[in-house]
**Q** 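The structure follows.
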Amino acid sequence: MKVRTRFAPSPTGFMHVGNLRTALYAYLFARNNEGTFILRIEDTDQERAVEGAIPLIYRTLEKAGITIDEGPINGGPAGPYVQSERKNIYKEYAEKLIELGGAYYCFCDKERLESLGDENGVHRYDKHCLTLTKEQIEANLKAGLPYVIRQNMPSSGTTEYEDMVFGKIQVDAADLEDNVLLKSDGMPTYNFANVIDDHLMGITHVIRGSEYLSSTPKYNLLYDCFGWERPTYMHLPPIMKDATRKLSKRYGDANFEDFLAKGYLPEAIVNYIALLGWGPGGDEEKMTMSRMIEIFSVKNLTKSASIFSEEKMRWLNGMYIRELTPETFLTFATPFFEKSVIAGKYPYHKFAKILQPRIEILSEIIDKVSFIENFGPYDTSLYTNQKLKTDPSFAKIALEATLPVLVSLEPFNHDNIYLSLSSLAEQKGWKKGQLLSCLRLALTGLETTPGGSTEIADILGRDESLRRLLFSYNLL
RNA sequence: GCCCUCAUAGUCUAAGGGUUAGGACGCUGGCCUCUCACGCCGGUAAUAGGGGUUCGAAUCCCCUUGGGGGUACCA
């Protein structure tokens with residue numbers, strides 16, 4: 001049978017990386033098995049639905065490199081793919097389930113339900129309306145009383161299933177409650193809609209968060225009652241913010257779009273989250289999407305929760321940045337140059353060259369570049385360096401020798417600057433580092449800078465370099 | 001409370017009863033080097049605790065502890 005998996009988010013707010021990972025694994029599993037990946041929107045709770053969420057989900061998955069075979073925007077044979085548009089389907093199946101004895105009408109009001117709470121504040125429905133006669137039900141319906149449809153759980157016995165990651169899950173039927181399947185507004189609950197839709201959409205493998213692990217037996221009872229084949233389940237452990245807190249929408253930083261804005265590359269984010277809960281076996285860590293599809297395997301899924309570490313994702317992102325071609329890096333970096341002090345002032349490609357090996361996320365560019373404009377009076381004792389054996393008086397001599405070289409250098413470009421100053425140092429019997437570190441200080445007032453001092457001279461250009469050199473010379 | 005479930009370094013993970021418990025991030029020492037990075041080479045650090053089973057346990061069983069989830073007309 002052809003594999004069909006689905007990602008079924010509710011359209012509330014943003015996609016955090018936990019949701020994305022669920023989607024990713026469902027996608028990888030489908031592709032690994034040459035199957036179909038479906039997007040279904042679970043918007044049965046109208047109060048939580050957020051405008052514009054569906055396009056956002058599409059956009060996010062597209063950027064993540066996950067392609068949707070069937071879904072609300074691109075359609076497909078099992079549509080509609082938005083649950084609110086399937087309302088009549090659920091009602092039809094709910095009524096059918098009543099005929100089959102798997103569900104019943106319930107007319108209990110809020111007060112009665114609340115009176116059912118026990119000493120722990122735990123409510124448990126007492127099957128009160130199960131005893132209603134056909135006539136009473138007819139009369140209530142005719143009178144227009146609000147009602148829900150509840151699942152009729154067996155009162156004894158056990159039910160079990162085999163989860164692909166957690167193994168055998170067994171629960172006593174007595175622990176199962178008669179959950180609401182169809183709400184009084186006519187919308188189904190998740191408990192019902194997911195079963196109906198997964199069956200109708202031909203989902204073979206249900207891949208979702210482990211919060212459903214213990215309620216899955218209820219869903220299986222529904223499949224059984226309808227006489228449908230149960231799907232295979234793959235429950236995923238949660239991604240945590242720390243040891244005790246799950247990643248939540250409130251943790252805004254774990255939001256995919258926010259990471260993109262901070263200068264993470266989508267490939268790196270996806271690569272990193274794939275690694276949370278899945279160890280590909282060997283030492284492989286940096287993987288393309290097609291590589292992940294190739295080697296994805298359920299047996300390598302982890303059962304324990306994992307803590308999201310931006311630190312490691314940052315490192316991975318740095319790896320991706322360093323592997324970019326200089327042209328691509330420049331393209332990605334330009335929006336950040338535009339927002340920095342160098343906007344429109346210095347050649348971006350020269351900064352790109354020195355920054356590519358020095359940043360892990362693109363947004364670092366803004367700070368990393370600011371030194372170039374912060375030149376001003378500084379403490380000349382910085383010229384004293386024991387290791388290099390330099391001091392202010394050496395610096396004065398070095399700058400004096402450097403000035404005429406730069407004045408007459410033609411053309412004024414990096415390689416020329418480097419070569420001429422290297423040979424100047426050699427002539428004078430200085431170490432290259434002695435001269436060039438004095439140059440760094442003279443040009444920037446800083447002991448450390450991204451890039452070499454000759455690269456900085458090149459970026460500043462002849463006029464500005466000479467101006468700063470003279471300024472520094474006069475300080476000495 | 002009851003039910004389900006998880007447990008290897010600070011973090012992500014590997015080890016289908018027998019390894020000096022492996023790799024990665026982080027931290028750290030060194031090399032390279034005009035600084036800072038990159039890169040390369042090294043170091044640090046773990047089987048939650050207690051009982052079993054076994055010649056032998058991170059691995060199998062039980063208990064304890066700790067964490068997560070469920071117990072909604074949320075998903």
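Chain letters run A, B, ... following the sequence lines, proteins first and then strands; every chain starts at 1.
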**Q** Please determine, for the side chain of A/S309, which listed nucleotide (B/rG26, B/rC36, B/rU11) has the closest atom?
**A** B/rU11
**Q** For A/E284 and B/rG23, give me the distance from atom CD to atom P, rounded to whole Å.
**A** 17 Å
**Q** So what's B/rC25 paired with, Watson-Crick or G-U wobble, going by both distances under 3.5 Å?
**A** B/rG10
**Q** Expressed in whole Å, how much space separates the C1' atoms belonging to B/rU13 and B/rG70?
**A** 28 Å
**Q** How long is the line joining NZ of A/K286 and C1' of B/rC25, in whole Å?
**A** 16 Å
**Q** Given B/rU35, B/rC34, B/rC38, which nucleotide is nearest the side-chain atoms of A/T449?
**A** B/rU35
**Q** When the ring planes of A/Y25 and A/W278 are compared, do they come out parallel, tilted or perpendicular, using 30° and 60° as the limits?
**A** perpendicular
**Q** Taking protein heavy atoms under 4.0 Å as touching, what does nucleotides 68-75 of chain B look like 5' to 3' if B marks base contact, S marks sugar-phosphate-only contact and - marks none?
**A** SBSSSBBB
**Q** Taking atom C1' in both B/rG43 and B/rC6, what distance in whole Å separates the two?
**A** 33 Å
**Q** For A/Y264, give me all partners under ring pair (Phe, Tyr, Trp, His ring centres under 6.0 Å), at least two apart in sequence or on another chain.
**A** A/F259
**Q** Base, sugar-phosphate or nothing for A/Y418? Non-hydrogen atoms, less than 4.0 Å.
**A** base
**Q** Return the value, rounded to whole Å, for the distance between atom NZ of A/K303 and atom C1' of B/rC12.
**A** 18 Å
**Q** Determine, step by step, whether A/N220 and A/Y233 satisfy the side-chain hydrogen bond (donor to acceptor under 3.5 Å, both in side chains) criterion, reporting the C-alpha distance in whole Å, the side-chain angles of both residues, the deciding distance to 0.1 Å, and the verdict.
**A** CA-CA 10 Å; A/N220 281 330; A/Y233 296 98; 2.9 Å; yes
**Q** Whole-Å distance between B/rU13 P and A/F308 CZ?
**A** 13 Å
**Q** Taking only the C1' atom of each, what is the distance from B/rU33 to B/rG39 in whole angstrom?
**A** 11 Å
**Q** Using the C1' atom as the reference point in each nucleotide, state the distance between B/rG69 and B/rA9 in Å, no decimals.
**A** 27 Å
**Q** Identify whether any heavy atom of A/G451 sits under 4.0 Å from a base atom; if not, whether one sits that close to sugar-phosphate; answer base, sugar-phosphate or nothing.
**A** base
**Q** Tell me which nucleotide among B/rA14, B/rG23, B/rC6 gets nearest to the side chain of A/S304.
**A** B/rC6
**Q** On a whole-Å scale, what distance lies between the P atoms belonging to B/rU47 and B/rA58?
**A** 11 Å
**Q** What's the closest nucleotide to the A/R322 side chain, out of B/rU11, B/rU35, B/rG39?
**A** B/rG39
**Q** Please confirm whether any donor atom in the side chain of A/S453 sits under 3.5 Å from an acceptor in the base of B/rC34, or the reverse.
**A** yes
**Q** For the side chain of A/K312 and the base of B/rA24, is some donor closer than 3.5 Å to an acceptor across the two?
**A** yes
**Q** Less than 4.0 Å between a side-chain N and a carboxylate O, is that true for A/E426 and A/K431?
**A** no
**Q** Which value, in whole Å, describes the distance between the P atoms of nucleotides B/rU5 and B/rC60?
**A** 15 Å
**Q** List in numerical order all residues of residues 165-173 of chain A for which some heavy atom is under 4.0 Å away from an atom belonging to RNA chain B.
**A** A/F166, A/K168, A/I169, A/Q170, A/V171
**Q** Considering only atom P, compute the distance from B/rA37 to B/rC27 and round it to an integer number of Å.
**A** 11 Å
**Q** Quick check: do A/M15 and A/L61 have side-chain heavy atoms less than 4.5 Å from each other?
**A** yes
**Q** Tell me which nucleotide, if any, is Watson-Crick or G-U wobble paired with B/rU71 when both distances must be under 3.5 Å.
**A** B/rG1
**Q** Go through B/rC6, B/rC34, B/rG26 for me and flag the one nearest to the A/W315 side chain.
**A** B/rG26
**Q** Is the gap between the ring centers of A/F256 and A/H16 under 6.0 Å?
**A** no
**Q** Provide, to the nearest angstrom, the distance between the CD1 atom belonging to A/I239 and the C1' atom belonging to B/rU13.
**A** 14 Å
**Q** Tell me if a side-chain donor or acceptor on A/S363 pairs with a main-chain N or O of A/K262 at a distance below 3.5 Å.
**A** yes
**Q** With a 3.5 Å limit on both atom pairs, tell me what B/rA46 is paired to, counting Watson-Crick and G-U wobble, or say none.
**A** none
**Q** Going by the angle between their ring planes, with limits at 30° and 60°, are A/W430 and A/F394 parallel, tilted or perpendicular?
**A** perpendicular
**Q** Considering Watson-Crick and G-U wobble pairs with both distances under 3.5 Å, what does B/rG39 pair with?
**A** B/rC31
